[in-house]
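Proteins come first, then strands; the chains are lettered A, B, ... in the order of their sequence lines, and each starts at number 1. Computed from a prediction, not measured in an experiment: that's the story for all the values here.
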Protein chains: 2
Amino acid sequence: MEDLTERQKFILSLVVHEFTRTAAPIGSQNLVSQFHLDMSSATVRNEMAVLTERGYLRQPHTSAGRVPTEEGYRYFVGRLLRETQLPDAARRTIAHQFYQSRQDVSQWTRLAASVLAVQSRGASVVTAPRTEQLQVRHLELIATRGRQVLLILVLAGGEVQQRMVLLDEAVSQEQLSALADRLTRALQGLDEASIRAQLGQWTGLEASVVTWVLEELTQAETMAGGEVYMDGVANVLAEPEFSGSEDARRAIELLERRTLLRELLAHSALAHDAGGVQVVIGGEGIWEELRPFSMVLASYGAPGLATGTLGVLGPMRMAYGRTISTVRFLSGLLSDLVAETMVEEIPGSEEVNG
Amino acid sequence: MEDLTERQKFILSLVVHEFTRTAAPIGSQNLVSQFHLDMSSATVRNEMAVLTERGYLRQPHTSAGRVPTEEGYRYFVGRLLRETQLPDAARRTIAHQFYQSRQDVSQWTRLAASVLAVQSRGASVVTAPRTEQLQVRHLELIATRGRQVLLILVLAGGEVQQRMVLLDEAVSQEQLSALADRLTRALQGLDEASIRAQLGQWTGLEASVVTWVLEELTQAETMAGGEVYMDGVANVLAEPEFSGSEDARRAIELLERRTLLRELLAHSALAHDAGGVQVVIGGEGIWEELRPFSMVLASYGAPGLATGTLGVLGPMRMAYGRTISTVRFLSGLLSDLVAETMVEEIPGSEEVNG
DNA sequence: TTTTAGCACTCTAATTAAGAGAGTGCTAAA
DNA sequence: TTTAGCACTCTCTTAATTAGAGTGCTAAAA
């Protein structure tokens, strides 16, 4: 099948833009007067007929204007949308906000969710950065009261896990510190499997602590994705097509399940890829609950170090241009922050010794 | 003004219950046949007229059934609702779930939000437990790469703050550990003000670290309330009176602001208190956005140790009985967990020394 | 004095009918 | 290839009608 003519592409773009703005079907007349096109409405109608036949537009009913189909949006995003950058002013403002909360990783994700929600006017979801490879970097035991001890486990990548444990007998802080030091040296750089393999070499109190460390690693593993921050859920409800529909409720349920991003990325091959940013339009036939929605998502972070995901859920008629550029910008910004701030390879950490 | 007769109270209860169930105005006929009352609809009508005059019921329009007013709900919650307990089975199930994630504080709050949302069929908000008095318990410095060091600050109460800092020059892990140990001894049990008072006595690297600790304390202070977990937002949208109304969107916006619980508790004197559980009905004339909603909330934790808040947002016609008993039960459960697991007074922590 | 049957009255929500408006596809001319 | 003209289609709005639920009042019964 031959490609669309330039004029057809142009009209498709106009319909997508206008529908994004008004959420109402677009008629030929409307389009001509709105954009002062130097062709007649009949010509536009003919082109629209072609676009409809090709499956890029559809009519809600015989005598209504046109609305983009899922395929129409895909064509638009994949071939008509030119790469845009976030305005410089916006970039600077956002970067400044992040600069101010540079020290606190958990703030990033919250801030990213907030910025994303505001810029895209959709619901945003951001997962905290975390290492895929869960290795022990450091552990610490802190006496609290009697036999209760706080176990702090720092993973490669800087993630900190904490847990209260109950010893068989009371142990002084000095002894705990020495024990933690010994175990840190022994376990540093090891992942769950390696530690499990040498579990037999420990006895008594040490064995207990190592077991707890293993449990903590397992739990960190299964928690897969870590903290999830959401923002702008109310934005979705503000869209006219969702006010008072079941769709919005189901979408929010989906977001609340917290597994959505992971599932989507697992199937990411299916989505359209716009320079590292994935666009999932209308659930791509796989996620039935997402049918009236689109999602724009991207991973961020440094591979092998720590990675996370950020995404936006919005109506299918979302402003893809702005949303994609925001997601791309934030993804880059967060990647930089991860690279700057996160812990790097363990062997090199002792480069200055004594 | 003399009090309501028993029969009037009874009818008010029935109206509240029935309206909670159906969300439609309740007529006298309806009520008689529904509950096989041994009085005529005319009698019920007369009593309803009294209740309406007293301000406990109202009619959406002249020829409609009755609906409880805010005052009606207040009377119901305050004087008619008898204290109920969550069924034993439910209590056991919930306690078991918490038992399984006993070790991880951040899991509690998430789990509490989930349980609360399911049981109350509303939107739940839970803040993580935290100490009001921010005192240093322990600090740790972990070398990562070059001059980058991970500063871990454990507060009294067990809360852990982490932060990446950049030293002026590279320092070995041994030196960092010694430094952390020195500073832990010096700062242990002190709050922000005390540390700030003796800031002058530190110099060089130590002064830097102490400054970072102070910054971290300040930040922990301003974050007031710590992490906020939400669940069941979609439940609110499922209620018939909110499907397709602005109200639901505004309520969700309110929840997303994350300051709601704090504001509500600050005014808690205004709300009705049902055995430690606060019930805020229809915004109590203060929170305009909450007008069509009610909230049931409670604090939990051990005073002076660590406290948090949990609450439910639902329609004004929510099932107060079940919601209140769930909130009360969870509040108790979380309090127990905090008391069991959290760190206690610092001076006693060295009871077994060497 | 309290309760209840009877009844006229009121207001909403659902149903139907009519018409305006927007937009289309087709035909034939430019 | 484009465009003016036109009949046609379908939805959305408005108005009118009706069915139904529920009320308040009155007068009789308990």
Side-chain angles (χ1 to χ4, degrees), chain A residues 2 4-12 14-16 18-19 21-69 72 240-241 243-245, chain B residues 2 4-12 14-16 18-19 21-69 72 240-241 243-245:
Chain A
E2 70 271 37
L4 299 178
T5 66
E6 285 308 308
R7 191 167 65 182
Q8 286 160 354
K9 293 177 185 174
F10 178 59
I11 288 177
L12 178 56
L14 290 185
V15 171
V16 169
E18 197 59 6
F19 185 66
R21 206 172 59 82
T22 64
I26 312 299
S28 54
Q29 193 90 253
N30 186 334
L31 214 55
V32 171
S33 68
Q34 196 78 35
F35 293 98
H36 309 291
L37 302 184
D38 55 351
M39 56 187 121
S40 74
S41 68
T43 307
V44 175
R45 266 203 297 286
N46 288 333
E47 297 290 43
M48 279 178 161
V50 175
L51 288 167
T52 303
E53 204 197 351
R54 290 288 188 85
Y56 297 131
L57 294 180
R58 68 184 175 82
Q59 295 176 271
H61 52 87
T62 5
S63 70
R66 289 337 201 267
V67 166
T69 62
E241 60 262 62
S243 75
S245 98
Chain B
E2 69 273 38
L4 300 178
T5 66
E6 285 308 308
R7 191 167 66 184
Q8 286 161 354
K9 292 178 186 172
F10 178 59
I11 288 177
L12 177 55
L14 291 185
V15 171
V16 169
E18 197 58 8
F19 185 66
R21 205 173 59 82
T22 64
I26 312 299
S28 53
Q29 193 91 250
N30 187 332
L31 215 53
V32 171
S33 68
Q34 196 78 36
F35 293 98
H36 308 291
L37 302 184
D38 54 351
M39 56 186 121
S40 73
S41 66
T43 306
V44 174
R45 264 202 300 286
N46 287 335
E47 297 291 43
M48 279 177 159
V50 175
L51 289 166
T52 304
E53 204 197 348
R54 289 289 188 83
Y56 297 131
L57 295 179
R58 68 185 174 84
Q59 295 174 272
H61 52 86
T62 3
S63 71
R66 290 335 202 268
V67 166
T69 61
E241 60 261 62
S243 74
S245 98

Could you state the [atom1]-[atom2] distance from [X] to [N], rounded to the nearest angstrom?
X: A:Ile11; N: D:dT2; atom1: CD1; atom2: C1'; answer: 13 Å
X: B:Leu31; N: D:dG22; atom1: CG; atom2: P; answer: 10 Å
X: A:Glu47; N: C:dG25; atom1: CD; atom2: P; answer: 13 Å
X: B:Gln34; N: D:dG22; atom1: CD; atom2: P; answer: 11 Å
X: B:Phe19; N: D:dG22; atom1: CZ; atom2: P; answer: 14 Å
X: A:Arg58; N: D:dC10; atom1: CZ; atom2: C1'; answer: 16 Å
X: A:Met39; N: D:dT3; atom1: CE; atom2: C1'; answer: 13 Å
X: B:Leu57; N: D:dT23; atom1: CG; atom2: P; answer: 10 Å

Are any of B:Thr62's side-chain N or O atoms less than 4.0 Å away from OP1 or OP2 of C:dC11? yes
Answer yes or no: does a side-chain N or O of A:Thr43 lie under 4.0 Å from OP1 or OP2 of D:dT3? yes
Check if the side chain of B:Ser40 and the base of C:dT4 share a donor-acceptor pair of N or O atoms closer than 3.5 Å. no
Counting heavy atoms from C-beta on, name the nucleotide in C:dT3, C:dG23, C:dG25 closest to the side chain of A:Arg66. C:dG25
Which one, D:dG22, C:dG25, C:dG23, comes nearest to the side chain of A:Gln59? C:dG25
Across the strands shown, which category fits B:Ser41 at heavy-atom distances under 4.0 angstrom: base, sugar-phosphate, nothing? nothing
How far apart are the closest heavy atoms of [X] and [Y], and which atoms are they?
X: A:Leu4; Y: A:Lys9; value: O-CE, 3.6 Å
X: B:Met39; Y: B:Val32; value: O-CG1, 3.7 Å
X: B:Leu51; Y: B:Leu12; value: CD1-N, 4.0 Å

Atom pairs, protein N/O to nucleotides 12-18 of chain D N/O, distance under 3.5 Å:
none

Identify all side-chain donor-acceptor contacts of residues 59-68 of chain A below 3.5 Å with residues at least two apart in sequence or on another chain.
unit_1, atom_1, unit_2, atom_2, d
A:Gln59, NE2, A:Thr62, O, 3.0
A:Gln59, NE2, A:Ala64, O, 3.3
A:Arg66, NE, A:Thr52, OG1, 2.9
A:Arg66, NH2, A:Thr52, OG1, 3.3

Quick one: side-chain hydrogen bond (donor to acceptor under 3.5 Å, both in side chains) partners of A:Arg58, sequence neighbours excluded? none
Treating primed atoms plus P, OP1 and OP2 as sugar-phosphate and everything else as base, which nucleotides of nucleotides 25-30 of chain D get B, S or - for protein heavy atoms under 4.0 Å? ------
Helical bend (five base pairs per end, nearest 10°) for the helix from C:dT1-D:dA30 to C:dA30-D:dT1: 30°
Enumerate donor-acceptor pairs with a distance under 3.5 Å from any side-chain N or O in residues 43-50 of chain A to protein atoms, sequence neighbours excluded.
unit_1, atom_1, unit_2, atom_2, d
A:Thr43, OG1, A:Ser40, OG, 3.1
A:Arg45, NH1, A:Ser28, OG, 3.2
A:Arg45, NH1, A:Ser41, OG, 3.4
A:Asn46, ND2, A:Ala42, O, 3.4
A:Glu47, OE1, A:Gln8, NE2, 3.1
A:Glu47, OE2, A:Arg7, NE, 2.8
A:Glu47, OE2, A:Arg7, NH2, 3.0

If you round to the nearest 0.5 Å, how far is CG of A:Leu14 from CG of A:Leu37? 6.0 Å
Assess whether atom CD of B:Gln34 is packed by more than 12 heavy atoms of other residues, nucleotides or ligands within 6.0 Å. yes
